[in-house]
Amino acid sequence: MLKTRFLFALVLTLSLAISTTPSFAEDFGKKAETFIQTMADKAMATYRSDKDEKELELEFRNLLNEDFDVRAIGKWVLGRYWRKATDSEKEEYLKLFEDFIIVTYANRFKDYSGTDITLNVTESLTKNDQDAIVRSQIIRPETAEPILVDWRVKGNKNDELKIVDVLIAGVSMSQTQRSEFASVIKRNGGEVAGLIDALRSKTTQLVSNVNKAAN
Amino acid sequence: MTKPVTRKNLMKRLCGFATISIVLAACAGQPQAVDDENDPLEGLNRAVHGFNHVVDVMLLRPAATLYRGLLPPPVQEGIHNLLSNLTTPIILLNDLLQGETERAGTTLTRFAINSTVGVLGFGDPATEMGYKKHGEDFGQTLAVWGAGEGPYIVLPIFGPSNPRDVVGRVVDYFTDPLNMWARNTDRDGFPIARGVITAVDARAYYYDAIEDINTNSLDPYAAMRSFYRQKRNSEIMNSEDIKTKAAPNLSFDFDAPSPGDEELTEAR
């Protein structure tokens, strides 16, 4: 009795799986749309609240690590130099990369925090059931033209959605950074260490700018 | 009076000829891979980039700061709209040269609405009516016709470019009916004044983005180079269009490498 019931359940699951396969990609697109809208609303709410600098930074760091695949981005941005880097360089690079992203994006958000901007997801394009582009518009009250922002969303091994790239008006932030980092490495004799030094001093400089502005 | 061909002169001529053929050969090629920096003149380009930065800090940036400080945002927006309404003939011509009849229709409709209801283009009611703005120029037309971009070039004052876009700029200048009118009526000041206002407007309009690159970038030159190439590619693909009807994926290059492609990163 138990056996037939199990078989029945198995057949039912299989047939369901087969019948829904073609729309998996579309489902992923819808899931990704909701994911981006939720993330944006959360970020805006954080910035509208009157938290102090330290708390904001912490929340921003959590948000970034929760919704972005920082490691995959960092790795990809380093490009072919990832393989050249030693293990300790990789570790230090990824840590610095995260700090660098935090401080630059925190600055960007702060520039807009005074104005009442809204982000609306408009549509999504799907490549497959683990890869989609979510298109959105950022609307600012002072200008009629919205900023077009595309979010590349991928599903990871644990089936979690993660942002891997942000494209502003068609320009990929990851691609821009990749060319920039490659150029810095090239100008430092092809050494990843040169990039690590540059990242460290830039991040320190940006953090001290933020602190100066806050005081 | 022909100069005798000395050895030195001949070398000079040969070098000039070689440069031109290299540039043209590079132009005829296939679209550049995004990772290929294609910047054989990097040393010279960096010098010109440095010069442009000085000009920006001394002239353009203060002008844009004043402009933003003195004019209320709606007036700035109005001037921005007015200038883009004036580029209608170039957009229309290039829509047609690319065989984009539907977009050409949008361009015409926008011009009709904005020049009348929008008070000579100061307002942009057409966007609210569903006729969204798009840009088009002869550099993009050449790309659609199959010309490659060629090596990266930084022009003095004008900034990032490439041979294809240089040709595009020149053709745009000469095919613009407003410039023709100015030439035929000896109003030499008109294109210059328009150029200066356009430059200040653009610097003010993208003020935050430019400051962002200059503050946050580890190598602003390399960032600008990548930024320019990607921006042009996106404009050529018309990827600002919301989902093209027939093939939605065409408006976005899904096959370009992206973060998360682990095997790609490892394989290189």
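Chain A is the first sequence line, chain B the second, and so forth, proteins listed ahead of strands; every chain is numbered from 1. Every value quoted in this text rests on a predicted model; they were computed, and no experiment measured them.
For A/I168, no part lies under 4.5 angstrom from a heavy atom of chain B. Residue contact with chain B, scored on non-hydrogen atoms closer than 4.5 Å, involves the backbone and the side chain of A/T176 alike. Neither the backbone nor the side chain of B/Q76 comes within contact range of chain A; no heavy atoms are under 4.5 Å apart. Contact annotation for A/K186: only side-chain heavy atoms (C-beta onward) come within less than 4.5 Å of a heavy atom of chain B. There is no contact between A/T203 and chain B, counting heavy-atom distances below 4.5 Å.
A distance-only check finds a donor-acceptor pair linking the side chain of B/Q230 to the backbone of A/S172 [under 3.5 Å]. Side chain of A/K202 to main chain of B/T215: a donor-acceptor pair is present (N/O by atom type, distance under 3.5 Å, no hydrogens or angles).
Here the straight-line distance linking atom CZ of B/R225 with atom OG of A/S179 works out to 7.0 Å at 0.5 Å rounding. Here the straight-line distance linking atom CD1 of A/I185 with atom CG of B/D219 works out to 11.5 Å at 0.5 Å rounding. Put simply, CD on A/Q175 and CZ on B/F227 are 13.0 Å apart, with the number rounded to the nearest 0.5 Å.
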Quiz item: Would B/D212 and A/T104 satisfy side-chain contact (heavy atoms from CB on, under 4.5 Å), going step by step from the backbone distance to the final call?
Solution: CA-CA 9 Å; B/D212 191 319; A/T104 48; over 6 Å; no

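Here the closest non-hydrogen pair linking A/A198 and B/L218 is O-CD2, 3.6 Å.
Counted by atom type alone, B/S217 and A/E180 present one or more donor-acceptor pairs between their side chains at under 3.5 Å.
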Residues 60-74 of chain B, side-chain donor-acceptor partners within the protein, below 3.5 Å, at least two apart:
{"unit_1": "B/R61", "atom_1": "NE", "unit_2": "B/E211", "atom_2": "OE1", "d": "3.4"}
{"unit_1": "B/R61", "atom_1": "NE", "unit_2": "B/E211", "atom_2": "OE2", "d": "3.2"}
{"unit_1": "B/R61", "atom_1": "NH2", "unit_2": "B/E211", "atom_2": "OE1", "d": "3.3"}
{"unit_1": "B/T65", "atom_1": "OG1", "unit_2": "B/R61", "atom_2": "O", "d": "2.6"}
{"unit_1": "B/T65", "atom_1": "OG1", "unit_2": "B/Y207", "atom_2": "OH", "d": "3.3"}

